[in-house]
Amino acid sequence: MTETSSTRSADSEAQAQAPGPSRLRRLMRFIPLVAPVLLWAVPCWVLLHAGQHWPLPVAVVGTVLFVLGLVGMPLAMTRGHGRRQQDRAAIIGDTLLGASWILFTWSVLLGVLLRLALTVAGVGGSQDRARIVTWAVLGVTAVLLVWGYAEARRVPRVRRIDVRLPRLGAGLDGLRVALITDTHYGPLDRARWSARVCETVNTLEADLVCHTGDIADGTAERRRAQAVPLGTVRATRARVYVTGNHEYYSEAQGWVDLMDELGWEPLRNRHLLLERGGDTLVVAGVDDVTAESSGLAGHRAHLAGALDGADPDLPVLLLAHQPKFVDRAAAAGVDLQLSGHTHGGQIWPFHHLVGIDQPALAGLSHHGARTLLYTSRGTGFWGPPFRVFAPSEITLLVLRSPHLATAP
């Protein structure tokens, strides 16, 4: 394994001028103010005040519970994720956020579709139909919360995929690349889960193991116990890591130093050369695209620096946390970019909002003339401890070459 290029490359990478904020972006600024009200008010109306005519004590108690949720959720999240960083408050706030999102989603869907179906079918009177909708929403929400919690807390299944790279030399055919990302160690202590994930990765017998960022929510000092099992991960060639946006909320340099201490190679705008069978693969990495705005000296996404000194005729595997970096990767002729960040939406149908910001949600996609992008749904979860119709994953990518040697 040969290391080339410097993190502190003096060359500056040309940055395109960002367009002015669109109308959509301006509207999105108000989402933090409006969203909590909608998340709690809509289910309250659909379940309690849309023709059910519940007894007064039921309606009052139910309304009070929704009001407590509306007030308590932002307060808990502020105490949990603000300056105080209280883990217990974060757990409460995040759980309420996930539960309210699921309740809101199915209140809207069943409140419209099921009620319409019952009306067309002539089932009962107006009050009967309203109460059927209430029980259906509560039942579906309860099932999804239990299932989504189990999905979020389990060790991810391994997703295996062959990736054909036209420029990959025959000597590198069959190279095994394991990808974990978005572990998000956080308020819920997942040290045992972390150890089991690492054990699973080790069964893959990978040549190269990659972590594409968002290790944790919190500083390296605070989440160290959960991250330490990463030091047990084995790879025949290298273990490499790049920062995600969440590192820049939590003293990113501390995470870079800890990963280095655990034996991982932080690819901060630089590359390594992986050689096998007479052929070479450039393994490059860049800081997250939010790095420069973090104000940390030397932190930025600098693709030119990452590839500085690399032979342009060699295939390039790039680690970049966010899929949207693929535009720059494609312009530079990168062969394969590995990313995370999206969580596959994490809780359906949030993936529709993710799609506004990112060019890919999950899986393998083509960009430009040469570049492939693999987007992982993530190994852990962020915030709400639920995954609904967006399973987590540990990924094994087997790189394939079209230039296989022929038998004499």
Side-chain angles (χ1 to χ4, degrees), residues 27-82 84 86-149 152 187-188 345-350 352-353 382-389:
L27 289 174
M28 288 180 69
R29 294 175 184 172
F30 296 97
I31 287 180
L33 300 176
V34 177
V37 176
L38 291 177
L39 287 178
W40 292 98
V42 170
C44 181
W45 174 260
V46 171
L47 303 184
L48 296 174
H49 304 290
Q52 289 87 350
H53 303 295
W54 298 111
L56 183 60
V58 174
V60 171
V61 171
T63 302
V64 169
L65 289 176
F66 277 107
V67 171
L68 289 175
L70 172 60
V71 175
M73 183 183 76
L75 285 178
M77 294 193 71
T78 299
R79 294 175 71 92
H81 298 290
R84 299 189 180 188
Q86 295 179 351
D87 283 351
R88 185 172 299 179
I91 292 170
I92 294 172
D94 292 343
T95 301
L96 287 174
L97 175 61
S100 64
W101 173 255
I102 295 172
L103 188 61
F104 168 83
T105 297
W106 292 95
S107 293
V108 172
L109 291 178
L110 295 179
V112 174
L113 299 178
L114 179 58
R115 180 171 291 203
L116 178 61
L118 292 173
T119 301
V120 171
V123 175
S126 176
Q127 176 177 296
D128 294 330
R129 293 192 291 270
R131 292 192 176 190
I132 290 173
V133 167
T134 294
W135 291 116
V137 170
L138 292 176
V140 169
T141 299
V143 169
L144 291 178
L145 286 174
V146 172
W147 175 63
Y149 181 79
L188 279 171
Q346 187 164 320
I347 303 177
W348 186 89
F350 195 76
H352 291 300
L353 296 180
W382 170 85
F386 308 106
R387 274 188 172 267
V388 177
F389 307 133

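Considering all non-hydrogen atoms of both residues, V137 and S107 come closest at CG1-OG, 3.5 Å. When all heavy atoms of L38 and F104 are compared, the pair lying nearest together is O-CD1, 3.5 Å. Closest approach of P74 and G69 over heavy atoms only: CD-O, 4.2 Å.
To the nearest 0.5 angstrom, W40 atom CH2 is 9.0 Å from L65 atom CG. Rounding to the nearest 0.5 Å gives a distance of 11.0 Å between CG of L96 and CG of L75. Atom-to-atom distance recorded for L39:CG and L97:CG is 7.0 Å, nearest 0.5 angstrom. The distance from the CG atom of L188 to the CG atom of D87 is 8.5 Å, given to the nearest 0.5 Å. Going from atom CD1 of I102 over to atom CZ of F350 covers 13.0 Å, rounded to the nearest 0.5 Å. The CE atom of M77 sits 12.5 Å away from the CD1 atom of I91 when rounded to the nearest 0.5 Å.
Relative orientation of the F389 and W147 rings is tilted, given thresholds of 30° and 60° on the angle between their planes.
Side-chain N or O atoms of W54 include one that pairs as donor or acceptor with a backbone N or O of L47 at under 3.5 Å.
Residues forming a side chain to side chain donor-acceptor pair (under 3.5 Å) with D128 (at least two apart in sequence, or on another chain): none. With sequence neighbours excluded, no residue satisfies ring-ring contact (aromatic ring centres under 6.0 Å, His included) with Y149. The side chain to side chain donor-acceptor pair (under 3.5 Å) check on T63 picks up H49, with sequence neighbours excluded. Listed by chain and residue number, Q52 satisfy the side chain to side chain donor-acceptor pair (under 3.5 Å) test with T134 (two or more places apart in sequence, or in another chain). The side chain to side chain donor-acceptor pair (under 3.5 Å) check on R79 picks up Q86, with sequence neighbours excluded.
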Could you list the donor-acceptor pairs under 3.5 angstrom formed between side-chain atoms of residues 112-122 and any protein atom two or more places apart in sequence or on another chain?
| residue | atom | partner | partner atom | Å |
| --- | --- | --- | --- | --- |
| R115 | NH1 | A50 | O | 3.2 |
| R115 | NH2 | A50 | O | 3.1 |
| T119 | OG1 | R115 | O | 2.8 |
| T119 | OG1 | R129 | NE | 3.3 |

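Residues F66 and W45 keep their aromatic ring centres 6.0 Å or farther apart.
Between T105 and W348 there is a side-chain heavy-atom pair separated by less than 4.5 Å.
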